[in-house]
Amino acid sequence: MEYQDIIRDWKQKKYRPLYWLEGEEEFFIDQVTNFAEHHLLDEAEKGFNLTVLYGKDTDWTAVINSCRRYPMFAEKQVVVLKEAQAMRDLLKLEAYIDNPMPSTVFVVAHKQGKIDGRSKMAKLIKEKGVLLSTKKMYDNQLPAWVEAFVSGRELAITQKAAILLVDHIGNDLSRIANEIDKLLVNLPAGKKIDEGDIEKYVGISKEYNVFELQNALGQKNADKVFRIISYFAANPKAAPIQMTLPALYNFFAKVNLVFGVKGGEKEIAATLGVHPFFVKDYMAAARQYGPEGAEKAILLLHQYNLRSIGINDAGVEDGELMKELMYKIMH
């Protein structure tokens, strides 16, 4: 079950006695726990029927006692256990999970890991309640997730704007969601978010960013490459060298993989693990550089990454280091 499915069921007044939320992606877990805490009960019911506990500050007996209470002046009570991974004797909740109170909605947020799927407790969770097991999304899944997330907020976003947002922020769903909510406040309902909106409200230049740099470099468009590098030098916070070099290294590492792929764009996208929107950029760079040029770029990027942190370097400023590197890659 996905986190949206749990929230959709709750909106339809469909409840199970237990929701166990676990895994690596905290954003999905937070979405469910926040909804449980703020929307499952109305304001008049919360005072008597909402209990929020924290694993590091409670124990299994307090949790079970809270869950076994009867709701007051309401059909149900809600017990939310946050940071469950920090609670001692967590496995002692097994007795309650085996026989939960039907009038209690018990929500457990277990971040940074999962319980053993072969254990008796894991089997009981699946039998008696709902298990949400989360994992970090792959980079190539992020643009589509952004488009779906925006759609859920009655907006739309262009594919390039979604990629620009993801490329700048990376795999941080909470931060991406915050930026989208910022756009929601500033844009009229039904507006399709474009690169201009990203530039205005999120502060990411639609012309001067790492995404545009790697495309220009892939095309050996020297004028555009050095124009972007000059902008970065004048605006160090726009794209710090420590963020830019790994992104370019990753780009050329994927370009290098293109040469070993048999098939067309679909096969290349699958092998590289990228959104199909990007494939033509990697193919164009592969044609421009060839296998030797791609390997040369990778070696140079590794070398200049060491120089950027002071290894084998005489203190050259980041802007000059980048210009020197770009020239060597393209020649």
Side-chain angles (χ1 to χ4, degrees), residues 1-14 19 21 23-40 42-43 107 109 111 132 134-215 228 231 235 237-239 243 247 269 273-281:
M1 181 174 280
E2 302 293 333
Y3 83 96
Q4 304 99 318
D5 299 327
I6 295 174
I7 293 174
R8 185 190 63 239
D9 283 353
W10 285 348
K11 288 180 178 179
Q12 296 173 358
K13 309 298 183 184
K14 298 176 182 177
Y19 295 87
L21 322 172
E24 302 169 350
E25 185 48 74
E26 296 186 2
F27 175 79
F28 299 143
I29 295 173
D30 289 340
Q31 290 288 296
V32 177
T33 53
N34 288 341
F35 194 95
E37 185 175 351
H38 298 290
H39 301 290
L40 285 190
D42 62 35
E43 291 303 319
V107 180
K111 297 179 178 179
L132 174 67
T134 71
K135 60 181 181 179
K136 285 286 185 182
M137 299 184 71
Y138 295 113
D139 289 348
N140 63 314
Q141 297 174 312
L142 291 172
W145 180 84
V146 168
E147 292 177 34
F149 188 80
V150 169
S151 177
R153 279 156 171 68
E154 299 182 354
L155 289 173
I157 187 169
T158 66
Q159 194 172 54
K160 190 168 183 181
I163 291 169
L164 181 61
L165 189 64
V166 167
D167 187 69
H168 180 77
I169 294 176
N171 197 342
D172 186 339
L173 300 190
S174 295
R175 188 178 165 201
I176 291 173
N178 287 338
E179 296 297 349
I180 291 171
D181 287 340
K182 187 191 300 182
L183 289 161
L184 181 63
V185 170
N186 288 283
L187 297 174
K191 169 71 167 67
K192 190 165 192 175
I193 302 167
D194 57 27
E195 303 96 287
D197 298 320
I198 299 295
E199 181 173 33
K200 182 176 180 180
Y201 296 110
V202 183
I204 308 169
S205 172
K206 62 181 179 180
E207 295 182 24
Y208 302 103
N209 56 73
V210 176
F211 176 66
E212 292 297 330
L213 174 61
Q214 74 179 27
N215 283 348
I228 294 172
Y231 177 85
N235 302 272
K237 292 183 179 179
M243 180 185 79
V274 301
H275 192 281
F277 182 87
F278 289 106
V279 170
K280 290 181 180 179
D281 296 327

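All values derive from a computational prediction rather than experimental measurement.
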[Y] and [X], any side-chain heavy atoms less than 4.5 Å apart:
X    : Y    : value
Y3   : L21  : no
F35  : I6   : no
K182 : V202 : no
H168 : L164 : no

Just verifying a value: how many Å separate [X] [atom1] and [Y] [atom2], rounded to the nearest 0.5 Å?
X    : Y    : atom1 : atom2 : result
K206 : I198 : NZ    : CD1   : 11.5 Å
F28  : L173 : CZ    : CG    : 5.0 Å
R153 : D181 : CZ    : CG    : 5.0 Å
E195 : N209 : CD    : CG    : 10.0 Å
Y208 : E199 : OH    : CD    : 10.0 Å
I193 : L155 : CD1   : CG    : 5.0 Å

Task: NZ (K280) with more than 12 external heavy atoms under 6.0 Å - done: no
Open item on the list: More than 12 heavy atoms of other residues, nucleotides or ligands under 6.0 Å from CD of Q12: yes or no?
Closed with: yes
Open item on the list: Strictly distance-based, threshold 3.5 Å: is any side-chain N or O of D172 a donor or acceptor partner for the main-chain N or O of I169?
Closed with: no
TODO: Using atom types as modelled and distance alone, determine if a side-chain donor or acceptor of N171 lies under 3.5 Å from a backbone N or O of M137.
DONE: yes
- [ ] Assess whether side chain to side chain contact (heavy atoms under 4.5 Å, CB included) is satisfied between F278 and I163, documenting all intermediate values.
- [x] CA-CA 9 Å; F278 289 106; I163 291 169; 3.1 Å; yes
Task: Carboxylate-amine/guanidinium contact K111 D30, below 4.0 Å - done: yes
- [ ] Salt-bridge test for K200 and D197: reply yes if a basic N is under 4.0 Å from a carboxylate O, no otherwise.
- [x] no
Task: Check against side chain to side chain contact (heavy atoms under 4.5 Å, CB included), F149 and I176 - done: CA-CA 10 Å; F149 188 80; I176 291 173; 5.9 Å; no
- [ ] Show your reasoning for whether side chain to side chain contact (heavy atoms under 4.5 Å, CB included) applies to W145 and V166.
- [x] CA-CA 10 Å; W145 180 84; V166 167; over 6 Å; no
Task: Contacts of A162 that satisfy side chain to side chain contact (heavy atoms under 4.5 Å, CB included) - sequence neighbours left out - done: V146, E147, I157
- [ ] Indicate the atoms forming the closest heavy-atom contact of I29 with A109, along with that distance.
- [x] CG2-CB, 3.7 Å
Task: Shortest non-hydrogen contact between A269 and V279, atoms and distance - done: CB-CG2, 3.5 Å
